[in-house]
Amino acid sequence: MTPIRSFDDLSVGHSFDLGSFALPRAEVLDFAARYDPQPFHLDDAAEREAPFRERLASGLHTLSATFGHVRRTGLIAEVSLGGGAVELKWPAPLRPDERVGLRITVEELRASRSKPGVGIAKLRYLVAREADGVVVLDALCTHFMRR
C-alpha cells in the first residue's frame, strides 16, 4: 500500500482496500473487561439472554481495532494530524475470531480556512465480515491532514 503523501493527493470517491483482521476471543474478553464491561460481553449466561444470544465483540473494540489497523497499514501515517468527529453505526454484530475486511472511501474534502497547510477529509470506514460481506462497522471519520 502506498501511503498518502498529501491531503491534495486525495479525490472524492477514491477507495482504499486495507486488508483484513480479526479480534481473537481472548482479546474480545480482555477489551470488554477493561473498557466495556457489559455482562453480555463477559458472562456466558448473560450472553444467552442478550439479543444475539452469543458472545460478540464490543462495538468500541471493533472501532479501536479498525483505527489500529489503519495506522499499521501506514496509509495516513505521513499526513494524519488527528481527527475531529466520528459518526458511527454498528449494523451487525462481530463475533470473536471472525475475519473482517476494511475499505476506506473518501467522501468529502475541503481546505481549512484558518490553517493553509491543513486539509479536512471525511473518510468512510466500512468493515465487513469476509464470510458473508455483512457490514459490522460504518464510520464516517473527519481527519485533519497535512497538505
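Predicted model, so just to flag it, every value in this text is computed and none were measured.
In terms of hydrophobic clustering, with Ile, Leu, Val, Met, Phe, Trp and Tyr side chains grouped at heavy-atom distances under 4.5 Å, Val134 and Val127 are assigned to different clusters. Under the 4.5 Å side-chain heavy-atom criterion for Ile, Leu, Val, Met, Phe, Trp and Tyr, Leu29 and Leu56 are members of distinct hydrophobic clusters. A continuous path of Ile, Leu, Val, Met, Phe, Trp and Tyr side chains, each step under 4.5 Å between heavy atoms, connects Phe16 with Val70, placing both in one hydrophobic cluster. No continuous path of hydrophobic side-chain contacts links Leu140 to Val12 [ILVMFWY only; heavy atoms under 4.5 Å].
Residues forming a side-chain hydrogen bond (donor to acceptor under 3.5 Å, both in side chains) with His69 (at least two apart in sequence, or on another chain): none. In this structure, the side chain to side chain contact (heavy atoms under 4.5 Å, CB included) partners of Ser80, at least two apart in sequence or on a different chain, are Arg71, Ile76. Annotation: side chain to side chain contact (heavy atoms under 4.5 Å, CB included) contacts of Arg34 (sequence neighbours excluded): Asp30. In this view, Arg5 and Glu78 satisfy the salt bridge (Lys or Arg N to Asp or Glu O under 4.0 Å) rule, not counting sequence neighbours. Partners of Val86 according to the side chain to side chain contact (heavy atoms under 4.5 Å, CB included) rule, which considers only residues two or more places apart in sequence or in another chain, are Phe67, Leu88, Ala139, Cys141. For Pro37, the side chain to side chain contact (heavy atoms under 4.5 Å, CB included) partners two or more places apart in sequence, or in a different chain, are Leu42.
Residues Ala128 and Gly133 share a closest heavy-atom pair of CB-O, 3.6 Å. The minimum heavy-atom distance between Glu130 and Gly101, with the atom names listed, is CG-N, 4.1 Å. Nearest heavy atoms, Arg129 versus Val136: CG-CG1, 3.6 Å. Listed here is the closest heavy atom pair of Ala57 and Pro96: N-CD, 4.5 Å. Here the closest non-hydrogen pair linking Pro3 and Gly74 is CB-O, 3.4 Å.
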Quick one: side chains of residues 103-110, donor-acceptor pairs under 3.5 Å with protein atoms, not counting sequence neighbours, listed by atom name and distance.
{"unit_1": "Arg103", "atom_1": "NH1", "unit_2": "Asp17", "atom_2": "OD1", "d": "2.8"}
{"unit_1": "Arg103", "atom_1": "NH1", "unit_2": "Asp17", "atom_2": "OD2", "d": "2.9"}
{"unit_1": "Thr105", "atom_1": "OG1", "unit_2": "Ser15", "atom_2": "OG", "d": "2.8"}

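Residues in residues 56-67 take part in these side-chain hydrogen bond (donor to acceptor under 3.5 Å, both in side chains) pairs, two or more places apart or across chains: Glu27-His61, Asp36-Ser58. Listed by first and then second residue, the ring pair (Phe, Tyr, Trp, His ring centres under 6.0 Å) pairs that reach into residues 71-118 come to none, sequence neighbours excluded. Judged as a salt bridge (charged side-chain N to carboxylate O under 4.0 Å, His left out), the pairs with a partner in residues 136-147 (not counting sequence neighbours) are, in order, Asp8-Arg147, Arg124-Asp138.
Between the CZ atom in Arg99 and the CG atom in Leu94 there is a gap of 11.0 Å [rounded to 0.5 Å]. The CZ atom of Arg72 sits 8.5 Å away from atom CZ of Phe21, with the distance rounded to the nearest 0.5 Å. We find the NZ-CZ distance between Lys115 and Arg113 to be 12.5 Å, quoted to the nearest 0.5 Å. Note that CE of Met145 and CD1 of Ile4 are 5.0 Å apart. Values are rounded to the nearest 0.5 Å. Rounded to the nearest 0.5 Å, atoms CG (Leu10) and CG (Leu123) are 7.0 Å apart.
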Report the C-alpha distance between Phe31 and Leu60 in whole Å, list the side-chain angles of each, state the deciding distance to 0.1 Å, and finish with yes or no for side-chain contact (heavy atoms from CB on, under 4.5 Å). CA-CA 9 Å; Phe31 185 95; Leu60 298 173; 4.0 Å; yes
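Annotation: side chain of Tyr125 is in contact with side chain of Leu102 (closest heavy-atom distance under 4.5 Å).
Through direct or indirect side-chain contacts shorter than 4.5 Å among Ile, Leu, Val, Met, Phe, Trp and Tyr, Val135 is connected to Leu126. Val118 shares a hydrophobic cluster with Leu81, Ile120, Phe144; the chain of contacts runs through ILVMFWY side chains whose heavy atoms sit under 4.5 Å apart.
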